[in-house]
Amino acid sequence: MSPRFPLRRLALLTTAGLALGTAAVPAPAGAEPAPDTRQATYQAAADEFGVPVDILLGVSYLESRWDAHTGEPSTSGGFGPMHLTDADYVAALPVPEEVAVAAPEDARGDDSRPKQVGHPAEAPAPSDESLRTLAAAAELTGLDAAVLRTDAQANIRGGAALLASYQQQLQAPVGAGSDPAAWYGAVARYSGADDEATAAAFADEVYTTLAEGAARTTDDGNALSLPARSITADKGWLSHLRLRRLERPDGIECPIDVSCEWLPAPYQAFGDGDYGNHDLGNRPQSQRIEYIVIHDTEASWATTLKLVNDPTYLAWHYSLRSVDGHIAQHVKAKDVGWHAGNWFVNAKSIGLEHEGFAAQGSWYTEALYRTSSKLVRHLALRLGIPLDRQHIIGHDNVPGTVTSTVAGMHWDPGPYWDWSHYFELLKAPFRGLPDVLAPHAGLVTLDPDYATNKPAFTGCTGAASNPCPLRPSSAVILRTAPDLTAPLVRDPGRCGTKASTMVVSDHCARASAGQTYAVAERSGDWTAIWYLGQKAWFRNADAGPRWNIGFVVEAKPGVAVVPVYGRAYPEAAAYPAGVPVQAVSPFAQYTFAAGQRYAAGPVLSPEYYRATTFDWSSPGDGTVIRGADKYVQIQFGQRIAYVRLADVVIRPSVVS
């Protein structure tokens, strides 16, 4: 969604809330020496506060995958391995400067109707106790809030104290040696959810983690493990929390093992031919759904729900809450949301808005990633959408429709979304050929090591020149030559004649994990790809290249310059009488020349879904107009694009 909502205060997140209860948990007398490993830290905290260490590790894994994130807040305002929330502190942080663009994105992306750019909205100040668990941990442990935010050992102790206090309030068995099965209620409460289904889904994921086990090295270099252990949770403790029960109506389009509610977006007429905030449709019977678009909200959960319930605003299909992964569905898959800024993509996609802030919140919870991946996998299997980065795309990968709309397109979910981990959860990890075959591969899939790849972005808070903290990122920086001092490549559509920068919202010289490009040249530890009509270089050590084979498009013999399009619309002859012809207009800023190659995506028939009136009273409304021409989707830059099949040839990418 970024920057559909201005980047205001990071006023976070869920309207859910539980009374935290901060009765002091006694600690053993006498000072204990600091544990010398992170694994020992978890064990010591578990022993100190009487929590089974497996429970402590399992909860922490579902919150943060045990990462410390250098004291930076999550998109829910949570800190550290235990995701202790401090929304008031985060709300007071400086906000990023607005980044000026030529024109704001029209979320509907259809020039046959008036622009739908929405309206700015201030998020209300957070009032939820579940967003202030760090204060409760400070009271329980006597530790300073700043220490709990920035020191991993203290943060783990604070999380253990919270879990123990929840268990005590339930009058459930306590002690490090107590049965982990009896901690189901305390684990569910740690989610911060105010409804039974969401709390249970969170707890179930924790116990699934215990059954499967886990092992990884954290972002600050600590090797941790959780041996697999099958535990039959005593779910009877859940009822002791006295949480509200959500209705789950028949027909809701969510997997059965996630918490999901139906909060419908209003489809409403206003008079004078105007209406909102989405269009009715009959997909996939009328039109194949090709894409799932990943957004972040740039707003709190409460504000997100308020906006999607505004009939004069915009609508997307699903919102996902950061703190616990809860899902709200707003628009049926058959209908068309206004979310991606490109009507061709909107008509062929489902939009998922993830609560978060692309610049300020440096990481998303594991609970959110897991729930989102379950939803996407469910939708993809049901609708026949391939699980790859040509079909599961970010809002920042959606092209402008025509020349005038390119500069205003959005950049969320931003460089801090962990695409590699997300696709692992989708059970579709990025793969490649052995390095020995690299010279013959012809294609390269980017897969930087998220934990160690930390580009030096600026502008996350305050002025655009302010350095951002060095955070893990999926982004790969592209240069004009194989040298770290070489200028960044330039995107003439997004940035015009200006030089590209490292401002976090400026992706004029950026690619992302999972995207596949045609190899243009190699030089030592550097690789050049074809990117927006030019060679763009990355250092292999930064990009984690996975060499691949597949198909590329090249200019057809005799074609010197190939036009590039932002939408695959039918030719004029395809439109019935009385239906205005939509322009087939290539970008003025972009072409590619003979001799260049671009990674080929699906071959698409041109389509235009005509939906311009509330009651479909206009000729052709409610129908899909199809042409005889064909287009090929390509990975052109950071964004996808389309070329006419008549202008290109599709060849195997293998290099002899």
Side-chain angles (χ1 to χ4, degrees), residues 1-17 20 22 63-64 68-99 120-152 154-155 158-159 162 192 296-304 306-307 321-323 354-365 368 412 414 416 457-471 503-505:
M1 191 180 289
S2 165
R4 180 185 311 156
F5 305 139
L7 297 174
R8 310 291 187 190
R9 297 288 177 191
L10 189 55
L12 305 160
L13 266 148
T14 167
T15 56
L20 289 170
T22 54
E63 294 286 10
S64 68
H69 295 283
T70 62
E72 289 292 305
S74 76
T75 62
S76 319
F79 291 85
M82 295 304 298
H83 196 251
L84 300 177
T85 55
D86 194 352
D88 293 318
Y89 172 83
V90 176
L93 294 174
V95 297
E97 285 184 344
E98 296 289 347
V99 178
E122 289 284 358
S127 60
D128 195 323
E129 290 296 334
S130 70
L131 301 178
R132 294 181 173 80
T133 60
L134 190 138
E139 184 174 341
L140 289 165
T141 61
L143 294 170
D144 183 76
V147 175
L148 287 166
R149 284 193 293 268
T150 57
D151 182 83
N155 188 274
L162 273 180
D296 75 59
T297 61
E298 297 299 320
S300 71
W301 180 254
T303 298
T304 298
K306 179 181 178 182
L307 289 170
R321 190 163 62 201
S322 174
V323 72
H354 298 77
E355 182 184 25
F357 297 79
Q360 290 170 290
S362 64
W363 53 287
Y364 297 82
T365 65
L368 180 71
D412 61 306
Y416 303 127
F457 294 125
T458 65
C460 292
T461 59
S465 59
N466 288 350
C468 299
L470 292 178
R471 302 165 172 167
V503 173
V504 68
S505 59

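One is the number of the first residue; the rest follow in order along the sequence. Side chains are part of it too, since the values below use all heavy atoms of this structure and drop only hydrogens, waters and symmetry mates.
Closest of all the heavy-atom pairs between Ser300 and Phe357 is N-CZ, 4.1 Å. When all heavy atoms of Ala359 and Val504 are compared, the closest pair comes out as CB-CG1, 3.9 Å. For the pair Glu63 and Met82, the tightest heavy-atom approach, listed with the atom from each and the gap, is CG-O, 4.2 Å. When all heavy atoms of Tyr416 and Cys468 are compared, the pair lying nearest together is OH-CB, 4.0 Å. Between Gly80 and Ser64, the shortest heavy-atom distance links the atoms O-CB, 3.9 Å. Residue Gly414 comes nearest to Ala358 through the heavy atom pair CA-CB, 4.2 Å, listed as atom of the first residue, atom of the second, then distance.
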May I have the list of side-chain donor-acceptor pairs in residues 142-151 shorter than 3.5 Å, sequence neighbours left out?
residue : atom : partner : partner atom : Å
Asp144  : OD2  : Ala146  : N            : 2.9
Arg149  : NH1  : Asp86   : OD2          : 2.6
Thr150  : OG1  : Ala146  : O            : 2.8
Asp151  : OD2  : Gln153  : N            : 3.3
Asp151  : OD2  : Ala154  : N            : 2.8

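Residues that satisfy the side chain to side chain contact (heavy atoms under 4.5 Å, CB included) test with Pro467, not counting sequence neighbours, are absent from this structure.
Using a 4.5 Å heavy-atom cutoff, the side chains of Asp296 and Tyr364 are in contact. Using a 4.5 Å heavy-atom cutoff, the side chains of Leu162 and Thr133 are in contact.
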Please determine whether side chain to side chain donor-acceptor pair (under 3.5 Å) holds for the pair His83 and Ser74, giving the CA-CA distance in whole Å, both sets of side-chain angles, and the decisive distance to 0.1 Å.
CA-CA 8 Å; His83 196 251; Ser74 76; 2.7 Å; yes
Please determine whether side chain to side chain contact (heavy atoms under 4.5 Å, CB included) holds for the pair Leu134 and Thr85, giving the CA-CA distance in whole Å, both sets of side-chain angles, and the decisive distance to 0.1 Å.
CA-CA 5 Å; Leu134 190 138; Thr85 55; 5.8 Å; no
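A donor-acceptor pair under 3.5 Å links the side-chain atoms of Thr458 to the main chain of Ala464, judged by distance alone. Put simply, the side chain of Ser76 never gets that close to the backbone of Gly78: no donor and acceptor are under 3.5 Å apart.
Of the inter-residue distances, the one linking Leu131 atom CG with Ser322 atom OG reads 9.5 Å to the nearest 0.5 angstrom. Annotation: the span from Leu307 atom CG to Thr297 atom OG1 amounts to 9.5 Å, rounded to 0.5 Å.
Ring planes of Trp363 and His69: parallel class, angle under 30° (limits at 30 and 60°).
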